[in-house]
Every structure is written in structure tokens, then in C-alpha cells.
Amino acid sequence: MSAELQVDDNGLDTEHATLIKQLGLHLPVKGHKNYYRFSESPLWPIQRQYFNRMGVNATRRFTSSAACLTTPFNAEQYAAMVISYWEDALNNGHLNPDKPVYILEQGAASGQFAWLFIAALVEKLSASALPPLQWTFLVSDMVEANLDFVAHHPSMSAYVEDGYLDTVLQDVESSAPLYLRHQQRQIEKFDNPPAVIANALFGCLTQELLHIHFGKLFEGRVALIENPEDSFANMEDGVTDSVFLKKQYRLENPFEHLTLDYDWREVEQADWLSPQHVMLLPNYIQRLDSTCFSVPTGALRAIDHLLHLSQGRLFLLMADEALCSEQDLRNVAPPQLHAEGGFSLPVNYHLLEQYIHSHGGLMWQSRCEEQRYTQAAVLFAEDKDISGYGNTQSEVHKRLGKLQAADMFEISQVWTEQAELLNPRQMLACLRLSNFDINVLAAFLPQLLKEPLLITSYERLAWCEALERVCRNHFYLGGEELLLFDLGLLAVELMHWPVAEEVFSFLVELSDENIAALSNLALVYSQLGELDMASRLLDRVLALDPECEISAQQKTILDNLQQQNDALLWNLRTTDGELCLQPLSHLDARAFYYQYRDPNIAALTRLPDFENQDMLVEWIEKERTVENKATFAIVHQHYGFIGVVSLRYHDGAGYFYFWVGSDFQNRGFGQHATKLLFEHTKKLGVETVYTSAYKDNVRSRHALLKCGFEQLDISAREPDEQLNFYRLPTTNRQNAVTSLDYRSELAALLSAIESPIILE
């Protein structure tokens, strides 16, 4: 294969030359050996071309240090500062709650941080003293495909439809108004002061490069030099045209085989900078020597435009690899390309701060050496009066001055390395500190899934809540299927069926041929009482893989259970959406055994003390064969098994009990299940239902009265003298209502069902 790379008189390939002209950048002057002023070099259009081509995948190829910025922890930090800013603006009369309030994220790419921020903002707003605000999060990017990805992402689409999120196609260095693509309207000025987020953005914008040597100012010009031919020595055989290979690799990673060469030219003054920028240089010329430094012209233009849009009222949160002080600027070498894919250069925050101060603003900086990132907050207030923004300043010092995003990232790296040494309680604490970051959980999953979790019931509930929070934080970008699968397995281990269903359903949506996800989803539905759905999923698995033994065994078990249930005279499976009653079976044994851990349940229901789960399975199988006894599992549509309701019946009368597990008490489920049972007792020939409750069991007695039971004037002999007895007619039959009749009917029933209770 052979191909000719077309270049123009300046040494640029045709595609790049055309793009440079379209962006309004200058081509090099002939005879200047293809050296460009740094801001006008092909670096910037090539990078934009790369971002357009790669879309949301572009940021994945940056250095991993940017990962510390896109975390639930950092989103929570930013949300707290924004709310403090709104509170101050409202108290100072600068915010009108009757008009829209905007949060603008520039260079948002995939929208992952937007998702995390919105979740944190909604949670914090609910606990704040702010009145209801008409807030909208604006996701801005220069790549239209990224905005389409955000607007149609399943996690984001509801926010878009409800008006809480919109997208804006924006070149942050331009002065164009903002056009909201969903609302189809233009914003030339914000009515309320906006909050703006610019994470890892300013380092990707154009910069000028200068050098100071013995009090003289030099302009830096740069040439792009391709690496020697041996860079391609390992390419596949048969492809010999090196120019063609370079072209292809430039498309995949445009800077991988490029280096920068510099030419320095003395200038009397940097007259190509704006007067506002030039005024900042004399101090550097006097105080610095033998060093190069950048002027972040792109970032300065972006801030100027934000000040115009916001009418001089602005709260800006940003983070970049930065040079923050004069000390940082000493003996700095010219930048070189070292990033993957796109590139990002350190930003001169020291110069930015001077510029912000000169415009009446205030800037706070918080630096983390380990991750090279500096987080900063910038405040511009109305009439340049920031004295009324004490709450904002306090929150900024709290959030950026103590535990930073990069600090949390470093801590999470330690957790990852030491995961095998942590117990589940310590892992849970780490997860909470990270604000439920899925990447932190990912470090713990192998250890958590290695063997059955040995945790207390309290810890189980805390872990269930943690998994819910992790799922709410997760924003799918692709390639996380194995991580999600393990998360689903942990949810199954914890018997947290809502999360398990959500995760495995999502994986099946991604691929309806994912056998492992289909099998686990079938397990989930079997625990939620949806046996038909579970059976259909297993049919799908076996159609894809007839040799899948585990699924074949699951299918056989379900089919046999369905046949056994159909043969039961009392198979009155009933549901009202939230709860269903279905014959208790061995499928319920694990959840039954866990929920039965409260010893009071056995004492109040007179059921056995099960020493292990195998004993429970034997008891369940025996219960299914007892004549004139119907024992149902109470199954919640999300939580699965939550308790038991049972009815012994004889000669038109029935005696029932119910219990609800410790995790689900005081939520009305027992009353709900009781009413479901009584709607169908007539099918069993039961016309009157009796039960009992201990006199000190106020909760059960109250529940029985709410279900329509009436207390009887009947007592029992020792050791049951503390029982109260209750009766509920379940039909319209007119009985002779005397205490003697009740007692006789109840005594006959207790004798028939071989109850140890003896009435007085």
C-alpha cells in the first residue's frame, strides 16, 4: 500500500492547513523555517481536530491525574460551594429567585461530572435554607457529538426534559452568546450571577510563550518536528510507505510521534498581546531571569467573556496543572509533548490571579503536588464588592483548604493497594469518605466476593444503602461491564434485589446475549416472586447455550416448583403490585433464615429455633405437606421475601399468624399481607379467622384492630395466660354472636390443628 501525503508551501499537510485557515489562525511566513508564534502554531487546530474526532473518548486518553477531578467527592465539594455562593448572592439582593439561575460547565465532554454535580446539588438543596430556584445546569463543549451524547444519555434525558439540564455548543475563547439547544433560545446576558465550572480546561486553550534573559524579553516560536523513521520500526509487515503510516498515526494519536523545537526572538514589547495583558509583564521582567513563562491568552479571553455574560458577577471553580507563584516560574523549561492523544499545558495561575485582582475579583488556590493539579475559586461580585460573600469565602476555605479532590484521590489509591488488608467495615468507611465512588468500590469487589460476607445485620443494611448510592453516582461511559457485573454479584450476596435487578437488567439491555447477566437476572426475579419471568429468561439462556448446566438446573428447579405449587389446594398466589403472597418454598430459605434472626419472631409465632439453613429447608418442605395449612411467603416487588403469613383452617374457621422480618417492621407490611390473605380465604371455605397476640405486644394488637379484628373475652391456661384472642368474620354470614359460640368454635379449631393452647 502506498499513499502520498499532500503538503503546502509551509510544510503543512492540506487537511491541517485548511483547518488552520478555518479557525482564523495565521500560517507561518515563508523563509522563517516553519516556526510559528506559539498561539498560532498547528498544535491548537490539530488538537481541536483530535477532540472532534474522538468525541467523549478524548478525555480518556489524557493522563490519569485528571481522574481526581471527576469524582463524587469533588462534585460534592463544588455543590457545597455553589450553594453558599447562591445564599450570599440572595442575602445581598444580587439573586432574584423568580428568574433562572445557571450553572455552566465548560469543556464538559461526556457530562460525567455534570451528572455527579447535579446529584450532589439536589441532595444539598433539599437540606438548605434557599427558596425554590429555577436552576439549570448548562453542559457546554466545542464538540457537538459530545453534547448529543449528554442530551441522549439515559441518565440525563429526564433532566433535559424537565428543564434542569441543557447543552450549549461553545468555543470558550469566542465572545458569542450562549445558545441553549434544547430550549432553543439564546442567552446574551445572565439575569442572575452564574456559577461556572472549568475542570482541566484552561490548559487546553491557546497560550503565548515568552522568555526572559538578563532583563530582555524574547518571544517563543515553535516548530513541529516528526520523530525519526525508526519510531515506526515495529509496524506490521508489508506496509512500507512511512508517510502514509505517519498520516494514519497522526489521526489515532496526533502528537505521539512529534517533538517541539523552539526559536527565540527578542522583542521590545509583546505588542500582539492586549494592553491589559501587557501591563502584567514588567514585574516578571524585573523579578525573573533565565526562564520561560506562558501567558494564558485563551483562559484570559474565556474569563473576559464570562464577565461579559455575567455582567461582572461570577463564581468560577476551576482546576488545572498550574504554576501558582513566582517561585514556580523560576527556571522553567519550554513545554514538551508528553500527553496521550490531546495535550494540556501548565497554566500560569500566578498571572491569572494578578489579572483577576486587577478587575476587582478574588482568587483562592489550593495546590496538590502529587497530582500536579491546582484547584481554584474565583469570585467577582456586583460593583466589585465582595464583602457580603463571607459565607462563600468560608466554604471555599473549608472545601479547598482542607481535604482536596487530589488528596481524596491519593487516599483512594492507598485503599486500592491495601484492599486485601481491610475488613468489610473498613471498606464501607472508605466508601463513605469517597462519597460512594464506584472506582473505590471496584478496588474492594474482588475481596468482598472472595467468600461469603461475615457482617452484622446493621452492616448489611449499611452496605445496601452504600450500593444504592454507588449506583446513583455511576454514569455509564462504556467498558465497565465487568465492574458492573461484580457489583451485581455483591448485591445478590447482600440480597439487595433492587440494585441487583437494576445492574443485571442494564447489562442485558447492553447485550441481550449476555448469558451470565441473563442467568443472574433470572435468579433475581425468582427471589422477587416473578417465577414466570425467571423461567423465560432461563429459556433465553438455554437457547443461546444449550450446554449451560447451571441454567438448565435452575430451569428444572423452577419448573418442578411451579408444578408442585399448581398441585397445592391452597395455591392462592395473589398480588396487588407492591406485595404478593405465594406458597413458601425452598427458594425463600436464605432470606427467611436471615430475616428470622430476631429471636422474638420464634417466641411470638411458636415456630422452631432453626440452627442452620438446612433445618429450615426441611421445615419448609414439611409445611407444604401439612393438611389444611396454607403458608405463604410475603414477597415485596423490590425487596423480595420480607416475612410469612400462615393459616390453619378446619370446618369453616381458620387460625392465622404472620411475621415480618426485622428489616421491614413498622412499615405496614404485615397489615397489608393480612388483608391480601383474607381476600381469598373464602376459596378455602374459611368464614371466620381467629388469632392471638401477647398482651405486651402492643404493635401486633394495634395492627390486628386496624385489620378489623375484634378482641374476644377469652383467656387461656398457663403457660399461655398472657394471650389475647381476636376474631374476624371474613364473610357476610350471620352467626349467633355469643361468647360461648366463639369459645366453642375456637376451642374446636385449636384441637383440630393440634395447638398446645388450652382455653379456660
Side-chain angles (χ1 to χ4, degrees), residues 457 461 574 576 578-581 584 588 591-610 616 619 623 629-636 639 641-649 653-681 686 688-730 739 742-743 745-747 749-750 753-760:
S457 58
L461 294 177
T574 183
D576 65 356
E578 183 182 27
L579 295 184
C580 80
L581 303 183
L584 184 68
D588 306 306
F592 185 124
Y593 190 70
Y594 174 75
Q595 295 297 341
Y596 194 71
R597 66 190 184 279
D598 182 352
N600 288 326
I601 295 176
L604 295 174
T605 59
R606 297 177 176 270
L607 295 180
D609 292 325
F610 303 110
L616 174 59
W619 179 83
E623 282 288 285
K629 185 174 186 179
T631 303
F632 297 94
I634 307 172
V635 182
H636 191 276
Y639 308 132
F641 177 94
I642 63 173
V644 167
V645 59
S646 181
L647 180 72
R648 292 293 304 270
Y649 53 95
Y655 194 93
F656 102 103
Y657 72 83
F658 75 89
W659 63 266
V660 173
S662 301
D663 296 350
F664 305 104
Q665 292 175 1
N666 299 319
R667 297 169 65 175
F669 291 145
Q671 299 173 41
H672 190 167
T674 298
K675 291 178 179 178
L676 276 180
L677 175 67
F678 293 162
E679 288 174 4
H680 298 277
T681 51
V686 176
T688 305
V689 175
Y690 293 91
T691 191
S692 59
Y694 283 99
K695 294 178 181 179
D696 60 356
N697 190 349
V698 177
R699 186 172 59 211
S700 292
R701 291 168 55 194
H702 178 70
L704 291 172
L705 294 175
K706 287 192 68 173
C707 288
F709 279 85
E710 58 181 3
Q711 184 173 337
L712 301 177
D713 186 17
I714 300 174
S715 58
R717 296 179 184 176
E718 292 183 356
D720 301 306
E721 72 278 7
Q722 293 301 314
L723 286 177
N724 284 342
F725 293 91
Y726 299 84
R727 174 183 181 274
L728 175 70
T730 61
S739 297
Y742 297 158
R743 186 188 182 288
E745 187 173 47
L746 177 56
L749 176 61
L750 292 173
I753 65 175
E754 300 180 348
S755 169
I757 299 174
I758 300 175
L759 301 182
E760 286 285 3

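Only a predicted model underlies this, so the values are computations on that prediction, with no experimental measurement involved.
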Report task. Tell me, please, which residues at least two apart from Phe610 pass ring-ring contact (aromatic ring centres under 6.0 Å, His included). Result -> Tyr596, Trp619

Query raised in the report: How would you list, by chain and number, every residue that makes a side chain to side chain contact (heavy atoms under 4.5 Å, CB included) with Val645, sequence neighbours excluded?
Result: Leu581, Phe632, Ile634, Phe656, Phe658, Leu677

Report task. Provide the full list of salt bridge (charged side-chain N to carboxylate O under 4.0 Å, His left out) pairs with a residue in residues 653-678, sequence neighbours left out, each pair given once. Result -> Arg460-Asp663, Arg597-Asp663

Report summary line: Smallest heavy-atom separation, Gln665 atom then Asp598 atom, equals NE2-OD2, 4.3 Å

Query raised in the report: Considering all heavy atoms of both residues, which atom of Gly654 and which atom of Val686 are nearest to each other, and what is their separation?
Result: N-CG1, 3.8 Å

Query - side chain to side chain contact (heavy atoms under 4.5 Å, CB included) involving Ser700 - partner list, sequence neighbours excluded - result: Ala693, Asn697

Query raised in the report: What pairs with Tyr639 under ring-ring contact (aromatic ring centres under 6.0 Å, His included), at least two apart in sequence or on another chain?
Result: His636, Phe664

Report task. Any chance you could measure Leu712, atom CG, to Arg743, atom CZ, to the nearest 0.5 Å? Result -> 11.5 Å

Report summary line: The reported gap from CG in Asn724 to OG1 in Thr691 (rounded to nearest 0.5 angstrom) is 11.0 Å

Query - Other residues, nucleotides, ligands: >12 heavy atoms within 6.0 Å of Asp609 CG - result: no

Report summary line: By side chain to side chain contact (heavy atoms under 4.5 Å, CB included), Ala653 pairs with (sequence neighbours left out) Tyr690, Glu745, Leu749

Query raised in the report: Looking only at heavy atoms, which two atoms of Gly661 and Ile601 are closest? And how far apart?
Result: CA-CD1, 4.5 Å

Query - Backbone of Leu579 reached by a side-chain donor or acceptor of Asp576 within 3.5 Å - result: yes

Requested in this report: State the CG-CZ distance between Asp713 and Phe725, to the nearest 0.5 angstrom.
Outcome: 12.0 Å

Query raised in the report: CD of Glu623 to CG of Leu607: how many Å apart, nearest 0.5 Å?
Result: 7.5 Å

Query raised in the report: Among all residues two or more places apart in sequence or in another chain, which pass the side-chain hydrogen bond (donor to acceptor under 3.5 Å, both in side chains) test with Ser755?
Result: none

Report summary line: Those residues at least two apart in sequence (or on a different chain) that pass side-chain hydrogen bond (donor to acceptor under 3.5 Å, both in side chains) with Ser692 are Tyr655

Requested in this report: Supply the atom-to-atom distance Phe709 CZ to Thr674 OG1, rounded to the nearest 0.5 angstrom.
Outcome: 7.0 Å

Query - Residues in ring-ring contact (aromatic ring centres under 6.0 Å, His included) contact with Tyr726, at least two apart in sequence or another chain - result: none

Query raised in the report: From Thr688 OG1 over to Tyr742 OH, what is the distance, rounded to the nearest 0.5 angstrom?
Result: 8.5 Å

Report task. Any chance you could lay out the side chain to side chain contact (heavy atoms under 4.5 Å, CB included) test for Leu584 and Phe592, step after step, and finish with the verdict? Result -> CA-CA 10 Å; Leu584 184 68; Phe592 185 124; 4.1 Å; yes

Query - Trace of the side chain to side chain contact (heavy atoms under 4.5 Å, CB included) decision for Arg699 with Asn666 - result: CA-CA 8 Å; Arg699 186 172 59 211; Asn666 299 319; 3.0 Å; yes

Query raised in the report: With sequence neighbours excluded, what pairs up with Glu578 under the salt bridge (charged side-chain N to carboxylate O under 4.0 Å, His left out) test?
Result: none

Report task. Not counting sequence neighbours, which residues clear side chain to side chain contact (heavy atoms under 4.5 Å, CB included) with Glu760? List them please. Result -> Ser715, Arg717

Report task. Write down the atom of Leu728, the atom of Gly708, and the distance for their closest heavy-atom approach. Result -> CD1-O, 3.2 Å

Query raised in the report: Should we say atom CD of Glu754 is surrounded by more than 12 heavy atoms from elsewhere, each under 6.0 Å from it?
Result: no

